[in-house]
Structure formats: C-alpha cells, structure tokens
Q: 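Here's a structure for you.
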Amino acid sequence: MSSERYNAPVAEKHWQSVWDAKGIFKTGTDTSKPKCYVLEMFPYPSGRIHMGHVRNYTMGDTLARYKKAKGFNVLHPMGWDAFGMPAENAAMQNNSHPAKWTYANISAMKAQLKAMGLSIDWDREIATCDPSYYVHQQRMFLDMYAKGLAYRRKSKVNWDPVDNTVLANEQVIDGKGWRSGAEVIQKELDQWAFKITDYSDELLSAIDTLDKWPDKVRLMQANWIGKSEGLMVRWALDAKTAPKGFSELEIFTTRPDTLFGASFMAVAPDHPLAKAASATNTKLADFCDECRKMGTSLAEIETAEKIGMDTGIKAIHPLDPSWQVPVFVANFVLMDYGTGAIFGCPSGDQRDIAFARKYGLPVLPVVVPKDEPARGKALAAIHEGIAYVDDGVMINSKFLDGMNPKQAFDAVASRLEKEKVGGKPVAARKVNYRLRDWGLSRQRYWGCPIPVVHCTACGIVPVPNKHLPVKLPDDATFDMPGNPLDRHPTWKHVDCPKCKAKAVRETDTMDTFVDSSWYFARFTAPNAETPIDKAALDYWMPVDQYIGGIEHAILHLLYSRFYYRAMGATGHGGSANLKEPFGALFTQGMVVHETYRRSGTTNPEWLLPTEVKFEGEGDNRTATEIATGKLAIIGSIEKMSKSKKNLVDPDDIITLYGADAARWFVLSDSPPDRDVIWTEDGVRGVSKFIQRIWRLSEEIADGKGAKAGSAKPASFTPEATALRRQTHKALDSVSRQIEGLRFNVAVAQIYELTNALSSAAAKGGNADPSLAWAIREAGDVLVQCIAPMMPHLAEQSWQRLGHQGLVVEAAWPTAEAALLVDDTVTIAVQVNGKRRDEITMPKTATKEQAEAAALALDSVVRALAGATPKKVIVVPGKIVNVVM
RNA sequence: GCGGACGUGGUGAAAAGGUAGACACACGGGACUUAAAAUCCCGAGGCCGCAAGGCCGUGCGGGUUCAAGUCCCGCCGUCCGCACCA
C-alpha cells in the first residue's frame, strides 16, 4: 500500500489547470436548463484578498459547484468594484496614476482568487473603471436625467473634509465619513442626485416580497425608508403678529389626535417664516444664525441642547378660533422633513415637554391610560416632566373625549379635511418618508464622469450619445488636494454640444455606489452593445443567491433595488416584470482573530500572529514575542485589520496548507452568518482531516473497497446495510444543508460519514463483498460531498478511487429513500417528562406495543413505585411519556 | 431614547415543541516507536458514588404543555442598527 501524503499545493495547481484547459466553468448556453445565478459581492481591488474574501467566495463557490452538480445552468461571475478613493490616495502618495495602481491590484488579486480554485467564469470579468463598462452607466445616467430620475439641486450636503468630497446620508456613520472617519460638516453645494424618493413607497412595500432575505436587513431597510402617516395641517396666523405675506403655517403631524394639547408651534431656523420674522427682529436673526452654526457637525447636533426663541407670532388653533399658540424658532426642527414646522404637544412627546418646561409653556394632558391607578401615575409623571406616549383614552379634548387616539386621529382628520380656508381644505392626510434623495456627485477624479456640459446659454446639456464615453483624462495630476478634473488645464473645456459656444464639462464624478448598483445585471451579458441584453437579463435575473457582508444592508442593497427599477423605467430593464435584483440574500459573518500587543508600552504596539509563540493553555496560556523573548499581551478577538495586525494572509495559508484547507476552515465550526475565529490549531486540524480523506481513498482503492463501477450485490450483510444507511443519510443531509447554506452542519455530517467509513474500512476487504461494495459507495459519496467545499482534494481522491472523469463534472448522487428510514427505532422513555430509559422497537411497532414495552421496563417500574400511571403519551418513533 | 438579534460544556457549536451537548478544537489516558512526529483506541457537562445509579443542568424569575434550549410574560447581560423624523 502506498502512503504518500497528499501534497495540496501541487495537486491544487494541477487540477486548476485541468479545469482551465477544459473550460469547465464557462457559463452554459443551454437556456432550456434551469438556471442558478450565484453571486458574491465583488471586491474592491485594494491590493490583496483577505480572509473575509476567502469566506465570502468559498460560500458562493460551494453553492455554485453544488448547483452545477445538481444539473443547473450556473452563472458564477466575478469582477472589480474598481473606482474609488484609495486608488487616488495611493496615486497622491506614490506620484503615480490611479489606473496603474488599480490594474496592478486587480491582476494580483485575480491570481489569488484563481489559487483558491473558485468555479468562476472569468470570461465575464468586469472592472467598473473600464470605459467599456462605464460608457453604459453614462448612457443610463442621461436617460435617467431625461426622465427626471437624475437631477441637479442646490442642497446642504455632508462634506468630508479629509476626502474632500460629498457623502450621501447613507455614507455618514455616527457623524463621520464612512471611509475617512473624519467629522462630516454641512455645506451648501450644487449637486447631482438620484430621485430615489420617487420609489420610497415601492421600495418599502416590496420588502415584503423579499422572503429570502434576512429579517434583520429587511427591517433595517424599512427603518431607513422610515414611513410615517400623518396629517398636513394649515394653521392660520394672527394677522396682527404675522410678517407681511404670511397668513398661515403648514405643519406635518403624526398625532393630530393630540391637537388639543398643543401649546406651541416651532419652525426650523431656515424656514421662510423664521427668515421673514428675522428681518425685523435682530435678536431672532442672531438666534437663527447661532442655530445654523451649531448645525455644522452632525455629531454636535446629536448632543446639542434643544433651544428656541419666541417669534412673537401667534397661530390660531384649527379646531378653536379663539385659541392662540405662540410660534417659536427651534434648533431641533429640521427644514427637510415634513414642512420644516411642527406643533408641540408637551404631554405626549418627551422632547416637547422638555421644551415647554424650559420656556414656561402650558402642559395639558390629552391622552392618559384608561384605568386607575395607571392614569394617576401617568398624570403625576406628566407633572414631573415625563410625557405619556402610549395608547389610552382622550381627555381635555372636547369632541374627542372618550375616544382612543386612533379614533381621535380619524375624527380630527375628517373634520379638518372638510373645513376649507381660501378654497383649500385645512388638513390633508399625508405620508412622509425619512429617505432622502441619493446625492451622487463626488468631487474626485477616480470615478465615472457625469456626462453633461454646462453652457452659459443652454444650461445643462447632455453629452450626445456618439461622444460617449466621456473618458477620464490620463494626464491628471494628483500632487495636491481637491478635484484633479476641475484643475486639469484642458479636459473640462469643450464646446457646447447644442450651441457650439465655449462651455465646461461637469467635473463631478459619480459615487462608486452607482457602479455597483447594476454590475449584477451587466454580468448577464458583459459584452452587450447596450447596457443590458434583454434576453440574457430575462433568463438570468434575479440573482438566485447573493452573498456578502452585513455592512451593505442599507447602502449597496438599497441603491441596487432603486437603480434596477430606474433601469426598468428608462428602457434598460428586462421584459419580464422583475423588480428585485436579488431573490435571496445571505449576509455572512466576519473572520476574526486574537490580537497581540507588546507589553510595557503605553500606546498599544500590535504584534502579528507570526511574531508571537504560545505556551500553556486556558487561563495559563501565554504569548511570547519571538524577536525579544519578552512576554506579550493576548488581547481580545477582533475583526482582522491592518491596524491591529491580527491578520492572516490567505496566500500564506494556501502555500502552507492549500486552498482546500482555507476553504474548509472558513466553512466549518461557525454558522456562516456568525463570526468565525481563525486559529492555527483549527487550520492544522483541517490539514489532518485532508490527509485522512486521502488515506481513506487509498485504502478503498487498494482493496478495502470494491473496484470503481463494480456491480451492486444482490444482497447486503447487516454491517454493509448499516454503512449504506449512514452513507445515504449523510448524503441527504449534506444536500439539504448546502442548499440552506448551513455549511457548518454539512461539515459535521461529513465528519460523521468519514468516521463511519473509517471504522468500516478497518474491517473491509474480501471477506464480505457486500461490505466492500458499501465501502466503495461510501467513499464515492464522501468525495462527492466534499467536492463543492474542497474541490481539489475531491478531484485527486476521485481519480485515486479509479474514476475516469472529473468529479466536478459528475452528477450529484441521489440518496435512496429506502435507506433513509431505519427498520428499528430507539424511543426515549420518560416518566413525568424525565428521561428514564430507552427502548428499541421495530419501526412498525404500534402505540400499544410501545406503551407495553415502556411500562415493562425495570427503570419505569422503579420510578412508578407501585403507582398506576394516569396516562401514557406515545409519539411513534420518538418518545413514550408515562404520566403519574 | 427607539428598534432588533443573541445568551447552551474549557472552546467553536448541534438540536421539525419530543433522548440537550451531534461534530470539531483543546485536554487527559493508552497503543505503536529507541524517541519524536504521524496514526489508532479510550475518556470527558457539573455534583455525589468503587460501582450500579441518583440529583442538578441551555443567563435569571415566572407561565403554557404530558413534554420547553425551542412558545408566552417580566428582568439581567452582550452585540448590532437608527437616532432631534414631528
């Protein structure tokens, strides 16, 4: 018997070249087959792949390979999210060009991905920085512009002072830029935006159809869109106090039921009424200025005190003309939500009650709990400055008294809808959304140019189709901050396409999230002359399984859902009524690792995992810095990051243990949606398992099992049948677990089969030909089960087992249904719900037989201690519970 | 503050309301070996016991059920998302 160790790095290169030469992973053209589009979020070409990529792409690859074996026509492409800031920063640092840096990174990372043995159709590779990609994006942009889905607006924007660019709301995290981490400031600029708010309702209601998305993501999107239903109410202003030209103030409220609790109105400092009042009131003008200044940083807004100033203007209560309410300017009222004006009902809103107490405004309870003592408590709390916000019953509210808030809402709405002032109803029902339009202008070079020209005579003029793409100039300079396109000596100077006069190009480029909002559609026909090919799109879309990180729960996934609809609206959609790009979504967890620090330093000096060695275990485990021999500090387990140096380079793992080891590791142990902790011990364990599979293949091939393709025996010994049952159960389970992306459970099933096969093989051979055949069958099934996860080892073992073809081309085996159920079942026996014993019975045993057998058990007799059971519950094949 | 998820051995974890801890890592013992590595076998939730066996056990407290890690109510803790949204 040979006993050569499996040499993963050598075998892996070999099989990759075999697959390549045969073009195994080219996307099939037989569109009569059922399709399966498996997609992982494409990477940003940062330079090297990291373990997060390995995990993400291994999951997708496992599913893709499985589906291929199941007979699906599989689309499994890969590309590069290639525009973006880091390339430009690198260019600045190295006095180089972003394209050079990007393409070098792409080629390095592509080699790494190839070394992973991914079943990717590289013929469909896309790089978003390639003009052949972004030309289509420019076309679609112009079509969206023509339809009003892309527009230019002057607006307050989030300005990142480090990256020198604008950020979308979604890209501001805790008041800081998502990329630079710098405090974001507010700035007023002319900006391009996508009219995503046209789809607010559609994007929200369609979340219900995304039943294969994680609930968490669906909820996050719903909250982000933030629908609220309320009433727009026009309040007349007292003419004696109102500025000229202002006769009313319109507010939005979700609580019109609490109108009788109103004690003040408040408008945003930028509200026209505030501005008009400021014109004759310098104190107020100063106050508004103050508010605007405070509003420069989002972080400040969050902690700022709620302050206001009385304008002296009085508003007349819409339900009681004799009642006047003061109008304040307040720093917490937002100009861009609702109408920029509110009414305050202190007893029902915590912020309003604080405001009212601060400025000595009345607090009238209008909603209270129905019954005592809760009502008394709530009233006392209101007195103490704690608003009552729950359901209850109306009081102090005239015709609403006794109603619940919902009834009161409807009563107020229908009364005010009928009442008219100046020919218009006083109030109208209205739905408001938190979602803002998507500002897409970026003042950077390395992005898709926005294809318009600004002409003093003609205004904004689209670049004609025949002049597309508007390409980036190669000779831009990156030696100073600011937008290289804007300061380029010639690029922006062009003739107006309409009037031929001198004009300038738009120098903003598109947010890179635009690039990634449709790449999945482009993959279905990456060489089409038009942005998409309808037939290809209809066949392949939607993506059947999309896999990526949770960090894109809102940004990328919401943008894509909008953009795909916008494509449809501008003639770039399929003919089928497909609105959602991603049928199923899976968000995978991170790869995390322990951190290590040099001891005796104040600022943490992080150490690489390779710079320390370990002794002891558990609480006594210590780390020593190899270079100095000094004790190092073992820190917490955290996301792998350059700054904390807790990185493991996939290349090192692949070189040392092979791609299969890395792939298997990231799939085993932890559920795929949770974080997985990378450990040296773990990967060594995987390496042992790989050798074990290899040894088993050799044993089977060298006589423990029957020859490949030998005839199935007419009958099997009990031992052989037992192995066959385990084999087919494992096969059935592994199939279901892979389909459900529960890779860790699939892995455990494979271990069990391996253990069973090992012990059977120890007894195998010529003595029992039916066992030899069962061993061979188990070996084949085992290799096929590991093939989606460890494809190289599977290929090598498949060959060793004596098969002619490639395992990657073999059809997924079918489990024999008869072998999935046992002849005998083990039934737990409980007394009063407590497990006492178990009985083994034929599967066909009746309830009565099970009950009789259970009652006859010594352990049951003892537990009963002479008492007669009150009743006996029998769940066939599961459990007998004797209740006394 | 609002919303959500999670909490199981030394560790990662498994478990259509039906035998809790499968499987793996780490650990302990043994076999093989001059020795080590590799490999193979055995053990292992806690407590009591030589053992047979018994009691306890899925963050805490209640509840529903013949039966709860799983469902319901209330706490505690950890993590995540949103955060002046009227």
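Sequence lines set the chain letters: A, B, ... in the order given, protein chains first and strands last, and positions in each chain run from 1.
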Q: Expressed as a whole number of Å, how far does the C1' atom of C55(B) sit from that of G4(B)?
A: 39 Å
Q: If you measure from the C1' atom in A44(B) to the same atom in G9(B), how many Å do you get, rounded?
A: 10 Å
Q: For A83(B), does OP1 or OP2 lie under 4.0 Å from any side-chain N or O of Arg434(A)?
A: yes
Q: When all nucleic acid strands are considered with a 4.0 Å heavy-atom cut-off, which category describes Arg684(A): base, sugar-phosphate, or nothing?
A: nothing
Q: Name the residue closer to the 5' end of RNA chain B, choosing between Gln749(A) and Val875(A) according to the nucleotide with the nearest heavy atom.
A: Val875(A)
Q: Quick one: is Arg692(A) getting a side-chain N or O under 4.0 Å of the C40(B) phosphate, OP1 or OP2?
A: yes
Q: Of the options U39(B), G54(B), C80(B), whose atoms approach the side-chain atoms of Lys688(A) most closely?
A: U39(B)
Q: Using only modelled atom types and a 3.5 angstrom limit, is any donor from either the side chain of Lys306(A) or the base of C84(B) paired with an acceptor on the other?
A: yes
Q: Would you classify Ser668(A) as touching base, sugar-phosphate or nothing, given that sugar-phosphate means primed atoms plus P, OP1 and OP2, and contacts are heavy atoms under 4.0 Å?
A: nothing
Q: Rounded to whole angstrom units, what separation is found between the CH2 atom of Trp678(A) and the C1' atom of C25(B)?
A: 14 Å
Q: When rounded to the nearest Å, what value does the distance between P atoms of C80(B) and A20(B) take?
A: 35 Å
Q: So what does Asp336(A) touch, heavy atoms closer than 4.0 Å: a base, only the sugar-phosphate, or nothing?
A: nothing
Q: Compare the minimum distances between each of A83(B), C56(B), C40(B) and the side chain of Arg695(A), then state the nucleotide with the smallest one.
A: C40(B)
Q: Between atom CG of Leu585(A) and atom CD1 of Ile550(A), what is the distance when rounded to the nearest 0.5 Å?
A: 8.0 Å
Q: Rounded to whole angstroms, how far apart are CG on Asp390(A) and P on G1(B)?
A: 15 Å
Q: Check every strand shown and say whether Asn755(A) touches a base, only sugar-phosphate, or nothing at a heavy-atom separation below 4.0 Å.
A: sugar-phosphate
Q: Looking at G4(B), I'd like to know if its phosphate oxygens (OP1 or OP2) sit under 4.0 Å from a side-chain N or O belonging to Arg218(A).
A: no
Q: Might you point out which heavy atoms bring Ala746(A) and Val734(A) nearest each other, and give the distance in Å?
A: O-CG2, 3.9 Å
Q: Between A86(B) and C76(B), how far apart are the C1' atoms? Round to whole Å, please.
A: 34 Å
Q: Could you give the CD1-to-P distance, from Ile693(A) to A24(B), as a whole number of Å?
A: 12 Å
Q: May I ask you to say what Val333(A) touches in the nucleic acid, namely base, sugar-phosphate or nothing, with a heavy-atom cut-off under 4.0 Å?
A: base
Q: Using the side-chain heavy atoms of Leu219(A), tell me which of these nucleotides is nearest: U19(B), G4(B), C85(B).
A: G4(B)
Q: Could you tell me the separation between the CZ atom of Arg351(A) and the P atom of C2(B), rounded to a whole number of Å?
A: 15 Å
Q: Establish, with yes or no, whether the OP1 or OP2 oxygen of C23(B) is under 4.0 angstrom from a side-chain nitrogen or oxygen of Asn744(A).
A: no
Q: For the side chain of Thr253(A), starting at C-beta, report the closest nucleotide among C85(B), A86(B), C80(B).
A: A86(B)
Q: At 4.0 Å (heavy atoms only), tell me whether Val883(A) reaches a base, stays on the sugar-phosphate, or touches nothing.
A: sugar-phosphate
Q: Tell me if G9(B) is syn or anti. Syn = glycosidic torsion within 90° of 0, anti otherwise.
A: syn
Q: Would you compute the distance between atom CG of Asp837(A) and atom CD1 of Ile827(A) and round it to the nearest 0.5 angstrom?
A: 12.0 Å
Q: Categorize Asp681(A) for me: base, sugar-phosphate, or nothing, with a 4.0 angstrom heavy-atom threshold over every strand shown.
A: sugar-phosphate
Q: Taking the six-membered ring for Trp, are Phe355(A) and Phe328(A) ring centroids under 6.0 Å apart?
A: yes
Q: Return the value, rounded to whole Å, for the distance between atom CD1 of Ile637(A) and atom P of U78(B).
A: 18 Å
Q: Should G43(B) form a Watson-Crick or G-U wobble pair with both distances under 3.5 Å, which nucleotide is its partner?
A: C27(B)
Q: What heavy-atom pair brings Thr254(A) and Glu229(A) nearest, and what distance separates the two atoms?
A: CG2-O, 3.6 Å
Q: Aromatic ring centroids of Phe264(A) and Tyr359(A) under 6.0 Å?
A: no
Q: Mind checking whether Ile386(A) and Gln350(A) have side chains closer than 4.5 Å, heavy atoms only?
A: yes
Q: With a 4.0 Å cut-off on heavy atoms, is Thr826(A) in touch with a base, just the backbone sugar-phosphate, or nothing at all?
A: base
Q: Testing the basics here: between Trp678(A) and Ala662(A), what is the closest heavy-atom pair and its distance to 0.1 Å?
A: CH2-CA, 4.3 Å
Q: Using a cut-off of 4.0 Å on non-hydrogen atoms, how would the nucleic acid contact of Lys834(A) be classed: base, sugar-phosphate, or nothing?
A: sugar-phosphate
Q: Can you tell me how far P of U19(B) sits from CZ of Arg835(A), to the nearest Å?
A: 9 Å
Q: Reckon Arg836(A) touches a base, only the sugar-phosphate, or nothing at all at heavy-atom distances under 4.0 Å?
A: sugar-phosphate
Q: Can you tell which of C84(B), A14(B), G12(B) lies closest to the side chain of Val745(A)?
A: A14(B)
Q: Watson-Crick or G-U wobble partner for C85(B), using a 3.5 Å limit on both distances?
A: none
Q: Does Phe252(A) or Ser758(A) map to a spot on RNA chain B nearer the 5' end, using the closest nucleotide for each?
A: Ser758(A)
Q: Please report the distance, rounded to the nearest Å, between CD in Gln221(A) and P in G4(B).
A: 17 Å
Q: Strictly by Watson-Crick or wobble contacts shorter than 3.5 Å, is anything paired with G77(B), and which nucleotide is it?
A: C6(B)
Q: Could you tell me how the ring of Trp664(A) sits relative to the ring of Tyr751(A): parallel (under 30°), tilted (30 to 60°) or perpendicular (over 60°)?
A: perpendicular
Q: Got a second to check how far Thr62(A)'s OG1 is from Ile786(A)'s CD1, nearest 0.5 Å?
A: 11.5 Å
Q: Expressed as a whole number of Å, how far does the C1' atom of G21(B) sit from that of G12(B)?
A: 13 Å
Q: Scan every strand shown for a Watson-Crick or G-U wobble partner of A52(B), both distances under 3.5 Å, and answer none if you come up empty.
A: none
Q: Should C66(B) form a Watson-Crick or G-U wobble pair with both distances under 3.5 Å, which nucleotide is its partner?
A: G18(B)
Q: Using a heavy-atom cut-off of 4.0 Å across all strands, would you classify Tyr751(A) as base, sugar-phosphate, or nothing?
A: sugar-phosphate
Q: Please report the distance separating the C1' of C32(B) from the corresponding atom of C25(B), rounded so that it comes out in whole Å.
A: 24 Å
Q: For Asp673(A) and A13(B), what is the distance between atoms CG and P respectively, to the nearest whole Å?
A: 10 Å
Q: Check this one for me: any side-chain N or O of Arg674(A) less than 4.0 Å away from OP1 or OP2 of A14(B)?
A: yes
Q: Using the P atoms only, state how far G63(B) lies from G69(B), rounded to an integer number of Å.
A: 15 Å
Q: Look at the side chain of Ser670(A) and decide which nucleotide, out of A24(B), A13(B), A67(B), has an atom nearest to it.
A: A13(B)
Q: Please pick, from A16(B), C23(B), G53(B), the nucleotide with the shortest atom-to-atom distance to any side-chain atom of Ala748(A).
A: C23(B)
Q: What integer number of Å spans the P atoms of A38(B) and C27(B)?
A: 11 Å
Q: Heavy atoms only, 4.0 Å cut-off, all strands: where does Glu752(A) land among base, sugar-phosphate and nothing?
A: sugar-phosphate
